[in-house]
Amino acid sequence: MEYNFRAIEKKWQQRWKESGAYKVENDFTKPKCYVLDMFPYPSGAGLHVGHPLGYIASDIFARYKRLKGFNVLHPMGYDSFGLPAEQYALETGQHPAVTTENNIKNFRQQLDNIGFSFDWSREVRTSDPEYYRWTQWIFLRLFNSWYDVRQNKARGIDELVRTFEKEGNASANGYTQTKKIFTAGEWKSFSEAEKMEALMEYRLAYAAYGEVNWCEALGTVLANDEVINGVSERGGYPVIKKKMRQWYLRITAYADRLLQGLGTVDFSDAMKEMQRNWIGKSQGAEITFAIDNSPLTLDVYTTRPDTIFGVDFMVLAPEHELVEKITTPEQRARIDEYLKYVKSRSERERLAEVKQVTGEFTGAYAINPFNGRRIPVWIAEYVLAGYGTGAIMAVPCGDQRDYDFATHFNISITNIIGDYYNGKEANPTKEATLINSGFLNGMKMTDAFDVVLKKIEEAGIGKRKVNYKMRDAGFSRQRYWGEPFPVVYHNGIAYPLSDEELPVTLPYVEHYKPGPEGEGPLANVTDWVNVNADEIELGDTYLNLTPASPADGIYKRETNTMPGYAGSSWYFLRYMDPHNNKEFADRKATDYWNQVDIYVGGTEHAVGHLLYSRMWTKVLFDLNLIGFDEPYKKLINQGMIQGNSRFVYRLNILGSLRNDPTNKIVRNNVFVSYGIYKRILEEGTLIQSITPYLVANNLFGNIVLSIHDKISDHFNGIHIDVNIVDGTELNIGLFRKLKQEYADAFLILEDDSILSPGQDLSETSSKYICGAEIEKMSKSKYNVVNPNDLIDKYGADTFRMYEMFLGPVEASKPWDTKGIEGVHRFLKKLWRLFFDEEKGKIWNTDTATDAELKILHKAIKKIEDDTERFSYNTAVSAFMVCVNELSDAKCHKKEILEPLLILLAPYAPHIAEELYHQVNSFSAGEASILTASYPELEEKYLAETEKEYPVSVNGRLRTTIKISLDASQSDVEKIALGNEVIQKWMEGKQPKKIIFVKNKMINVVV
RNA sequence: GCCCGGAUGGCGGAAUUGGUAGACGCAGCAGACUCAAAAUCUGCCGUUCGCAAGGAUGUGCAGGUUCGAUUCCUGUUCCGGGCACCA
């Protein structure tokens, strides 16, 4: 009986499916464990071997916890809204719903093949109306909430309205930048439009005009984290800044709590650091400067108020509102020209030329409040309008950008840091003792910080201020394939729809092109966009207005859709209660399942998805809709599996040779093996290197190639499908079959011999060796390895264990199929502990010896420990050690083997279940290894009585001595000093000291 | 430029708290079984000197702390990732 993995895996996958083995109940009496994977976007390309890495890791953990007696929630679903499906629809006219459905089918087949323990009855899809109904519902909560800074939490907008009615907004200032202060009376006199406009400044989801990242090629705006180096993350298209009315999430209100929350979760330091950088908190001061000969004032933000005496100029962002007002007539023309220049530059150009110094003087001067100095006010690109106040005080001796600017425009530099400033570059030190700094002279900069701030606050010309780099998140996209907003407009005012109107489903569209004015495709569906007042029910505005009536006429639906991160911000909650059609999830279910215990996914979501879902969770918590405010307790980032590309090297035929009918190479391609290619590059000339191979075989006829400058120009390294290469050796038969154009190619092999068309390797002892390079795994590089192929060849259990054996889950590593044989051999060896090819069944029910129990319990200890801390590569190795030892000991005892199978079940569930049933005679469906209980470690079997101690002399290992573990220090010293080898190395000297660490080592110092 | 992470045999990697560096696997070499191949099994496998016993050396590089350092500290090089005019 041999290990027939194909039949075994098929059988058990079928049985588990039939018995609903992975179905999870909301059984609140059992301890819970929530193990979650980041759900995938179902792309058309399907899975490659990199995708399942994290899924396998989490699956092992989930199965392990289940064996440990936990009620484990381990669901899977699809983040099925998104750009690629829509881009594909634009090109082919196929509806995104159709392509998405097909892709999901393909994904599911590939996932099923690997044998995951997902509870598919809880599957969610973000594009399913029954799902996005609740995304829209949460959006309405965001729309109807505001952030109360004093209570430091989100509250219902109705409470804000009541405050306004009582006392206006002067004291009840929520998290908003508004400058418009109104009294209760004024509020009451506001029109409906004015009230809605005022409230909009407080809502957590709000519409506003703002600079957005507009991507013309994609026809939509993008969030900051979707723009990389001035181009779109997806597709690399140019992105420009544009003013548009957009929806935003007021995530800045949560900046501090998102920062604080990092202290309560178990994420990697790198991950926390990335989020901290993105939030970008800085402590500083906002200082108001008077403008000379003007009633106007200038606010700047600085993190270094201690350097105020070093201010040599001011710089405004070109977009700053003061620029218009303070520019003097003499400078007007030059400023206008500079503004024109700035406008002409794209975001990308600005980023590309970061170090270029540009700017212009406004002609105006600010006054330093502490010494009355007149400070010239400039404008320059390097100051950003969106950060701080959009204006800075420049201290060239302490800030390199200010220094560069001052040098470029010949502005004299005041040194306030003495020797710390060398006159050649700025020094941002905080250690210096201040000079040229009035009342701060002689003070350390770190102390001066608070002294200056106190003075500024006393004088009423500024205040302490915390700033964040993070901006509110753009929340609308001009696309079709996303969640429609539950919002309608009337006279330009946005009204929420009632919960009863949900879901607002996507209408059918004829095509996916933008609307008439650059809006999303939905704008073209006029009979969906325009709705009569009596056709819809509006949500509560809390404004005590007369309800909308038919007389109010036509409402227009919002034509934007929500961005990709909307659905993924809360999906982990829906899994808890996926079929609930009354609520997004039952409160009892969310209280029970609570935080995700283990969340596994890639680093690429560090700032996008992770921050947004953390924010949504905090909002839901504030509104008392769930009972916790961090979604993910522990995060594991699986590493990227890189592709291992293979190359063949084609000789480029010169144009002049192509027309020569006497020459064979005109018609045939010539490929050289990697060794030859490398030698040619090293030798340097084409004539000397190539012709011996080619001329000798009469490939060239009488033609001689001309010498080129670069030898490598004569070759094209061409990606070749990794699946037709064994290691680095090309499978020539498949190579010729794969592409018509290669069928007649000449191949120059590693030993310089030529393989002509029609010949195969049986006529030579040489090989064609391919070049190799590590790259991203992608279709275009022909380096994609499909899990299905490997599973077909070795089985899912081998595949699962091999992926884990590759290295730590967190590490990125190139894929290499070669080692999979070793893991497969291990499983075959395990099988042979139970069955022999000739003798059949060899497992028995004999009583185990202590030595055998020790092997088992060593494995229990190591594997349980490694599984618990996600060290799966070492766990797999421990299985191998155990099976090797049992084979050597010829142990075939059920008493040992059965517990081993349970240990193995999370890693290789199919073979474990099969053998578990072989050693037990269960009746059909009676038992499963999936619900067995995990073996208990019994330390007594591991107890040792003696230890082979390494003994060193002066720290150098000289020998090992077996000594009883209960030997005392003096016993040990006697034994060590009595040892022949040790005596030899002591060279007759007296020991100064003998270091003895019990159960570790002995070191004799002489 | 700034911030994180890493560097160990031919290769992937192990060494959990400072205590026998190289577990486990791949590849390679030698051998057994076989008509042969596959499968399986046995032995060797960092470098170097040596017939061997054994010795020297060795965790990117240069120092330091320690009886003892892959592990801690200082400096440095290279690689990977993130951020990038954020005042």
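Proteins get letters first, then strands, A, B, ... in listed order; numbering begins at 1 in each.
Figure legend. B:C2 is base-paired to B:G82; pairs are counted as Watson-Crick or G-U wobble with both atom distances under 3.5 Å. With a cut-off of 3.5 Å on both pairing distances, the Watson-Crick or G-U wobble partner of B:G25 is B:C11. B:U70: no Watson-Crick or G-U partner with both key distances under 3.5 Å is found in any strand.
Going from atom CD1 of A:Ile769 over to atom P of B:G10 covers 20 Å, rounded to whole Å. Look at CG on A:Leu833: it is 14 Å from P on B:U40, rounded to the nearest Å. In this structure, A:Arg825 places its CZ atom 9 Å from P of B:C41, rounding to the nearest Å. Computed from coordinates, the A:Met1001 CE to B:A69 P distance equals 11 Å when rounded to whole Å.
Checking the phosphate oxygens (OP1, OP2) of B:G81, no side-chain nitrogen or oxygen of A:Ser812 falls inside 4.0 Å. Look at A:Asn277 and you won't find any side-chain N or O under 4.0 angstrom from OP1 or OP2 of B:C4. Between A:Asn637 and B:G81, a side-chain N or O to OP1/OP2 separation shorter than 4.0 Å is absent. Side-chain nitrogen and oxygen atoms of A:Tyr387 include at least one within less than 4.0 Å of the OP1 or OP2 phosphate oxygen of B:A87.
A:Asn873 comes within 4.0 angstrom of sugar-phosphate atoms only, judged by non-hydrogen atoms across all strands, and of no base. Backbone-only engagement by A:Lys1000 is indicated by non-hydrogen atom pairs under 4.0 Å involving sugar-phosphate atoms exclusively. Within the 4.0 angstrom heavy-atom criterion, base atoms lie near A:Glu948. At the heavy-atom level, A:Arg471 lies under 4.0 Å from base atoms of the strands shown. The residue A:Lys828 sits close only to the backbone: its heavy atoms come under 4.0 Å of sugar-phosphate atoms, none of a base. Residue A:Pro808 is classed as a sugar-phosphate contact, given heavy-atom separations below 4.0 Å to backbone atoms only. Residue contacts for A:Ser871: at a heavy-atom cut-off of 4.0 Å it reaches no nucleic acid atom on any strand shown. Among the protein residues, A:Asp402 comes within range of no part of the nucleic acid, since none of its heavy atoms lies under 4.0 Å from any strand. When heavy atoms are screened at a 4.0 angstrom cut-off, A:Arg869 is found touching base atoms of the nucleic acid. Residue-level contact check: A:Asp865 touches the bases, meaning some heavy atom is under 4.0 Å from a base atom.
Nearest nucleotide to the side chain of A:Tyr382, out of B:U40, B:U42, B:C85: B:C85. Taking only side-chain atoms of A:Trp985, from C-beta outward, the nucleotide of B:A56, B:U20, B:A87 with the closest atom is B:A56. The listed nucleotides are B:A87, B:C67, B:C4; the one nearest the side chain of A:Ala270 is B:C4. When the nucleotides B:G25, B:G19, B:U16 are ranked by their closest atom to the side chain of A:Ile995, B:G19 comes out on top. Residue A:Tyr301 places its side chain closer to B:A87 than to any other of B:A87, B:G13, B:A56. Side-chain proximity of A:Arg956 to the nucleotides B:U57, B:G19, B:A87 is greatest for B:U57. Taking every side-chain heavy atom of A:Lys818 into account, B:C26 is the closest of B:C26, B:U40, B:C24. Picking from B:C83, B:C67, B:C3 the nucleotide with the shortest atom distance to the side chain of A:Glu273 gives B:C3. Of the candidates B:C67, B:C24, B:G55, the closest approach to any side-chain atom of A:Lys993 belongs to B:C67. Residue A:Phe805 has its side chain nearest to B:G25 when only B:A15, B:G25, B:A87 are considered.
The C1' atoms of B:A69 and B:U17 are separated by 14 Å, rounded to the nearest whole Å. Here the separation of B:C11 from B:G63, taken at their C1' atoms, is 32 Å to the nearest Å. With both ends at atom P, the span from B:C51 to B:G58 equals 24 Å, rounded to whole Å. B:U40 and B:U34 have their C1' atoms separated by 11 Å, given to the nearest Å. Nucleotides B:C41 and B:C26 place their P atoms 10 Å apart, quoted to the nearest Å. A distance of about 23 Å separates the P atoms of B:U59 and B:G5, rounded to the whole Å. Of the C1' atoms belonging to B:C72 and B:G18, the separation is 8 Å, rounded to the nearest Å. One C1' atom belongs to B:U16, the other to B:U70, and the distance between them is 14 Å to the nearest Å.
Nucleotide B:G9 is shown with a syn base, its glycosidic torsion being within 90° of 0.
Nearest approach of A:Val323 to A:Pro318, heavy atoms of both residues: CG2-O, 3.9 Å.
In this structure, A:Phe405 and A:Tyr382 have tilted ring planes: the angle between them lies in the 30° to 60° band. Taking the six-membered ring where the residue is Trp, A:Trp815 and A:Tyr802 present perpendicular rings, their angle passing 60° and hence far from 30°.
Residues A:Phe61 and A:Phe870 bring their aromatic ring centres within 6.0 Å.
Surrounding CG of A:Asp888 are more than 12 heavy atoms belonging to other residues, nucleotides or ligands, all under 6.0 Å away. Enclosure of atom CZ in A:Phe996 by more than 12 non-hydrogen atoms of other residues, nucleotides or ligands within 6.0 angstrom is indicated.
For A:Lys829 and B:U40, a side-chain-to-base donor-acceptor distance below 3.5 Å is absent, hydrogens and geometry of angles not being considered.
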Apply salt bridge (Lys or Arg N to Asp or Glu O under 4.0 Å) to the pair A:Glu939 and A:Lys861, showing each step before the final yes or no. CA-CA 9 Å; A:Glu939 292 278 357; A:Lys861 189 184 167 94; 3.7 Å; yes
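The pair A:Glu885-A:Lys858 meets the salt-bridge criterion, with a side-chain N (NZ, NE, NH1 or NH2) lying under 4.0 Å from an Asp/Glu carboxylate O.
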